[in-house]
J.: 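Below you'll find the structure I mean.
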Amino acid sequence: MSAAIGDGTAVCVTGASGYIASWLVKLLLQRGYTVKASVRDPNDPKKVEHLLALDGAKDRLRLFKADLLEEGSFDPIVEGCVGVFHTASPFYNDVRDPQAELLDPALKGTLNVLKSCSKAPSVKRVVLTSSMGAVAFTGQPLTVDVVVDENWFSDPEFCRKRKMWYALSKTLAEDAAWKFVKEKGINMVTINPGLVIGPLLQPTLNTSAAAIANLVNGNSVVTMQFF
């Protein structure tokens, strides 16, 4: 890819050490963008070495420490960026405290990133990584007369009753995000993947890849909330 596509223009990627985000960083660098990337710990080699080794990283990758629950934490990362890719959101199967481990980071974290975007006049578009979990679970059958459109969301109470904590976290986060951007006039699009697998850039298995690895390795019992 020609470096002239991005021509050094700055974009932000949150949660850069994750599976989707790592590929975003790689492809954005390939296209000539300057990438301002957030990670929880820039000094953890398991989280950042694969990013620092990417082509173009030496000149056009800047790593920042940020906390999803700290308002204003993303201000310096978003500043000067034309695009923001918000992918940072925890995904665990073995959840002991859903509120602290999934719900707060997803909902409050998304709003904190969007608040930072609302302060940055340079931002032209936000891309939010949501999930099929945010739109798949209503508790109602999908009959032929049901229309699925941009107003379709999972039912939070349905998710709570069935302890589908990840789906609940993404439902609440995306719903709040749409309300916020409409109020602030922010240009946002969302993607709602079901399961993302493929070659890993990071050195450790993410939740989705670990489930597939268990299947490949012959584990007969695989518990995985794909959405």
J.: A side-chain contact here means heavy atoms from C-beta on lying under 4.5 Å apart; do Phe153 and Phe137 qualify?
T.: no

J.: Using modelled atom types only, decide if a donor and an acceptor are shared between the side chain of Glu101 and the backbone of Asp97 within a distance under 3.5 Å.
T.: yes

J.: With side chains defined as the heavy atoms from C-beta onward, is the minimum distance between Ser22 and Leu51 less than 4.5 Å?
T.: yes

J.: Any chance the side chains of Asp7 and Thr9 put a donor and an acceptor closer than 3.5 Å?
T.: no

J.: Can you give me the closest heavy-atom contact between Trp165 and Leu103, atom names plus distance?
T.: O-CD2, 3.8 Å

J.: Determine whether Val84 and Val113 make a side-chain contact, defined as any pair of heavy atoms from C-beta on separated by less than 4.5 Å.
T.: yes

J.: So how far is it from Lys26 NZ to His50 NE2, rounded to the nearest 0.5 Å?
T.: 11.0 Å

J.: I'd like to check Phe158 versus Gln140 (side-chain heavy atoms, cut-off strictly below 4.5 Å). Are they in contact?
T.: no

J.: Keeping the roles fixed (side chain from Thr14, backbone from Ala88), state whether a donor-acceptor pair exists under 3.5 Å.
T.: yes

J.: Walk me through whether Thr129 and Phe85 qualify under side-chain contact (heavy atoms from CB on, under 4.5 Å).
T.: CA-CA 8 Å; Thr129 301; Phe85 297 85; over 6 Å; no

J.: Would you mind reporting whether Ser169 and Leu107 have side-chain heavy atoms less than 4.5 Å apart?
T.: no

J.: Restricting to non-hydrogen atoms, name the atom on Asp104 and the atom on Leu69 that form the minimum distance, rounded to 0.1 Å.
T.: O-CD2, 3.5 Å

J.: Who passes side-chain contact (heavy atoms from CB on, under 4.5 Å) against Thr110, sequence neighbours left out?
T.: His86, Leu114, Leu128, Ala173, Ala177

J.: Is a side-chain N or O of Ser154 found less than 3.5 angstrom from the main chain of Ala167, in a donor-acceptor match?
T.: no

J.: Given the rule that I, L, V, M, F, W and Y join up when any side-chain heavy atoms are under 4.5 Å apart, are Ile191 and Val189 in one cluster?
T.: no

J.: Could you pull out the closest heavy-atom pair between Ala16 and Ala21, with the gap in Å?
T.: CA-CB, 3.6 Å

J.: Take atom CG in Asp55; do more than 12 heavy atoms of anything else shown fall under 6.0 Å from it?
T.: no

J.: So Asp41 and Lys65, salt bridge (charged side-chain N to carboxylate O under 4.0 Å, His left out) or not? Walk me through it.
T.: CA-CA 6 Å; Asp41 183 2; Lys65 179 180 177 64; 5.3 Å; no

J.: Once you round to the nearest 0.5 Å, how far does OG1 of Thr190 lie from CE of Met188?
T.: 6.0 Å

J.: On a heavy-atom basis, which atom in Leu102 and which in Tyr166 lie closest, and how many Å separate them?
T.: CD1-N, 3.8 Å

J.: Does one hydrophobic cluster hold both Leu52 and Val25, with members joined at side-chain heavy-atom distances below 4.5 Å?
T.: yes

J.: Examine the side chains of Asp155 and Thr138 and answer whether a donor and an acceptor come within less than 3.5 Å of each other.
T.: no

J.: Mind checking the SG-OH spacing from Cys12 to Tyr33? Nearest 0.5 Å is all I need.
T.: 14.5 Å

J.: Rounded to the nearest 0.5 Å, what separation is found between the NZ atom of Lys179 and the CG atom of Asp175?
T.: 4.0 Å

J.: Quick check: does any side chain N or O of Asn112 sit under 3.5 Å from a backbone N or O of Lys108, one acting as donor and the other as acceptor?
T.: yes

J.: Is a side-chain N or O of Arg60 found less than 3.5 angstrom from the main chain of Leu29, in a donor-acceptor match?
T.: yes

J.: Between Ser116 (side chain only) and Asp75 (backbone N and O only), is there a donor and an acceptor less than 3.5 Å apart?
T.: yes

J.: Looking only at heavy atoms, what is the nearest atom pair of Ser38 and Ala66, with distance?
T.: CB-CB, 3.9 Å

J.: When rounded to the nearest 0.5 angstrom, what is the spacing between NZ in Lys161 and SG in Cys159?
T.: 11.5 Å

J.: Assess the residue pair Val148 and Leu142 against the criterion (side-chain contact (heavy atoms from CB on, under 4.5 Å)); give the C-alpha distance rounded to whole Å, side-chain angles, the decisive distance to 0.1 Å, and a yes or no.
T.: CA-CA 9 Å; Val148 178; Leu142 282 175; 3.9 Å; yes

J.: Can you tell me how far OG of Ser118 sits from CD of Glu183, rounded to the nearest 0.5 angstrom?
T.: 9.5 Å

J.: Can you check side chain to side chain donor-acceptor pair (under 3.5 Å) on Asn192 and Ser131, steps first, answer last?
T.: CA-CA 4 Å; Asn192 296 78; Ser131 167; over 6 Å; no

J.: Indicate yes or no: at least one non-hydrogen side-chain atom of Tyr19 is less than 4.5 angstrom from one of Thr87.
T.: no

J.: Check whether any side-chain heavy atom of Phe64 lies under 4.5 Å from a side-chain heavy atom of Val39, and answer yes or no.
T.: no

J.: What's the shortest heavy-atom distance between Val147 and Trp152, and which atoms?
T.: O-CE3, 3.7 Å

J.: Between Lys36 and Glu79 (side chain of the first, backbone of the second, donor and acceptor by atom type, cut-off under 3.5 Å), is there such a pair?
T.: yes

J.: Same cluster for Leu200 and Ile20 if Ile/Leu/Val/Met/Phe/Trp/Tyr side chains link at under 4.5 Å?
T.: yes

J.: Starting from Trp23, can I reach Val196 by hopping between I/L/V/M/F/W/Y residues whose side chains sit under 4.5 Å apart?
T.: yes

J.: Counting only N and O atoms by type, is there a donor-acceptor contact under 3.5 Å from the side chain of Ser17 to the main-chain atoms of Val48?
T.: no

J.: Under a 4.0 Å N-O cut-off, is there an ion pair linking Arg40 with Asp67?
T.: no

